[in-house]
Protein chains: 2
Amino acid sequence: MTPATGEPSRGRRTARPSGDDRELAILATAERLLAEQPLSAISVDDLARGAGISRPTFYFYFASKDAVLLTLLDRVVAEADAAGLDPSLLPAAGPRAGWRHVITTYYESFRARRALIRAWAEARATNTEIRELWARVFADWTQRCAVAIDAERARGTAPPGPPALELAILLTSMNERALYATFSGDGPAVEETGIVEALLEVWLRAIYGASPVD
Amino acid sequence: MTPATGEPSRGRRTARPSGDDRELAILATAERLLAEQPLSAISVDDLARGAGISRPTFYFYFASKDAVLLTLLDRVVAEADAAGLDPSLLPAAGPRAGWRHVITTYYESFRARRALIRAWAEARATNTEIRELWARVFADWTQRCAVAIDAERARGTAPPGPPALELAILLTSMNERALYATFSGDGPAVEETGIVEALLEVWLRAIYGASPVD
DNA sequence: CCCGTTTCTCAACACCCTGTTGACTCGTTC
DNA sequence: GAACGAGTCAACAGGGTGTTGAGAAACGGG
């Protein structure tokens with residue numbers, strides 16, 4: 001996915017290996033530094049020195065700092081795709097257990113990559129490609145959730161309500177923002193220990209609870 | 001509020017007026033430029049030239065580009081405080097109408113200041129003071145919502161559920177993120193025409209709908 | 001009316017960061 | 001062993017930030 005920015009050197013992989021080592025060193029350095037400081041505080045020079053090369057050499061491997069991040073993110077997205085969580089497969093164990101599993105998995109993958117996701121949000125504000133990657137992942141996820149919601153409605157488990165895709169978008173927006181706040185310690189946020197259950201409760205009520213008559 | 005960053009010249013206001021004019025010109029320029037381009041694309045020089053002064057002179061009035069934004073945001077926050085929307089005063093017209101009013105007002109003030117809020121989100125990623133301002137506003141808002149929810153529960157209109165403050169945080173997170181996506185045209189988002197009703201539906205279900213037994 | 005003080009202004013500077021150029025090294029290949 | 005491509009970096013060009021120090025311009029008090 002997203003071949004574009006990061007690769008001024010498409011055919012290089014076939015040649016001798018030391019180049020790949022350098023590329024990996026840059027990626028590893030980026031991940032290490034991101035664990036300690038925000039993206040904006042990391043310079044190309046930091047990445048280059050961390051990988052044991054000079055700045056111009058960095059540009060042989062990546063077009064920019066953002067391109068490094070994009071490569072890391074592509075990797076994460078690929079992993080997530082491989083893990084293959086799919087809300088549309090949920091109803092085995094009843095709604096509560098099913099959706100809890102969905103939200104927990106979302107939570108875990110967020111949690112496991114705090115630093116990266118933080119950087120993702122930071123870069124999203126200024127970089128189009130990164131914003132688009134986010135949009136693609138988001139669209140994919142909400143689409144699957146919408147399918148699951150429609151399935152529940154079709155079999156009579158859930159009552160009718162707003163279009164399933166809208167509901168999925170809103171609930172996922174909530175998860176995204178709330179988890180980000182919780183992990184980044186931004187402002188006031190739900191504590192990490194209870195956040196999955198709290199989110200779950202809202203999901204269940206939004207999907208299964210009827211709206212009050214008035 | 002937030003006197004800090006923007007004012008290397010505390011006592012100046014008492015003197016002759018042309019200084020204030022310049023300061024206002026900078027603020028107006030910032031607002032004008034933000035309507036067309038993201039914060040990151042605007043340089044201090046752009047702001048200075050737009051206000052008809054040189055870059056060093058800019059620094060006489062503001063400590064940085066972010067300080068200008070912070071001043072604009074303080075202004076918006078003050079206006080919002082003055083308008084005095086307070087969810088804890090809602091129950092006059094029944095839940096649906098009451099909460100619709102709350103969400104609509106939130107939506108309108110977001111909408112009226114798109115550009116500024118966009119910049120706010122952008123700067124929040126890198127600037128501590130701006131992040132803290134956001135956190136303060138957010139905390140204040142959620143606190144009021146929590147009071148309203150507790151009131152509804154106390155008079156038996158709403159069933160028990162997760163702690164009201166948690167619920168308020170989650171629902172506000174949803175609003176914030178979903179409205180931002182809708183206005184910024186980020187990724188997939190609920191269309192602007194239906195977003196208030198969609199949000200309202202989730203709020204009502206989350207607050208008034210019981211959770212399914214399982 | 002002049003003189004000190006305060007406000008205000010900016011050319012010039014120091015610095016940091018990004019991205020590019022062009023020359024150089026060094027295996028590989030034919 | 002010449003030609004090639006991958007890899008490397010000193011040096012440069014350019015744009016941004018924030019500071020310094022030397023003034024101009026307005027006042028206010030004697």
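Both backbone and side-chain heavy atoms feed into the values below; hydrogens, waters and symmetry mates do not.
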Task: Note: B/R136-B/D140 ion pair, threshold 4.0 Å (strictly below) - done: no
- [ ] Would you mind reading off the distance between B/I53 atom CD1 and D/dA24 atom C1', rounded to a whole angstrom?
- [x] 16 Å
Task: Whole angstrom value for the distance that separates C1' of D/dT20 from CZ of B/F60 - done: 15 Å
- [ ] Please state how far atom CG in B/L39 lies from atom P in D/dT17, giving the value in whole angstrom units.
- [x] 11 Å
- [ ] Sugar-phosphate means primed atoms, P, OP1 and OP2; the rest is base. With that split, encode nucleotides 12-23 of chain C 5' to 3' as B, S or - using protein heavy atoms under 4.0 Å.
- [x] B-----BBB---
Open item on the list: Does any part of the side chain of A/I103, heavy atoms only, come nearer than 4.5 Å to the side chain of A/W203, both counted from C-beta?
Closed with: yes
Open item on the list: If the threshold is 4.0 Å, N to carboxylate O, is there a salt bridge linking B/R96 and B/E201?
Closed with: yes
Open item on the list: Are A/V44 and A/F62 packed together at the side-chain level, in the sense that at least one heavy-atom pair is separated by less than 4.5 angstrom?
Closed with: no
Task: Integer-rounded Å distance: D/dA6 P and A/E23 CD - done: 14 Å
TODO: Check whether any side-chain N or O of A/T57 sits under 4.0 Å from OP1 or OP2 of D/dG7, and answer yes or no.
DONE: no
TODO: Give the rounded distance in Å between these two atoms: CZ of B/R49 and P of D/dT17.
DONE: 12 Å
Task: A/F138 vs A/E176 side-chain heavy atoms within contact, under 4.5 Å - done: yes
Open item on the list: Which label fits B/Y106 and B/W141: parallel for a plane angle under 30°, tilted from 30 to 60°, or perpendicular past 60°?
Closed with: tilted
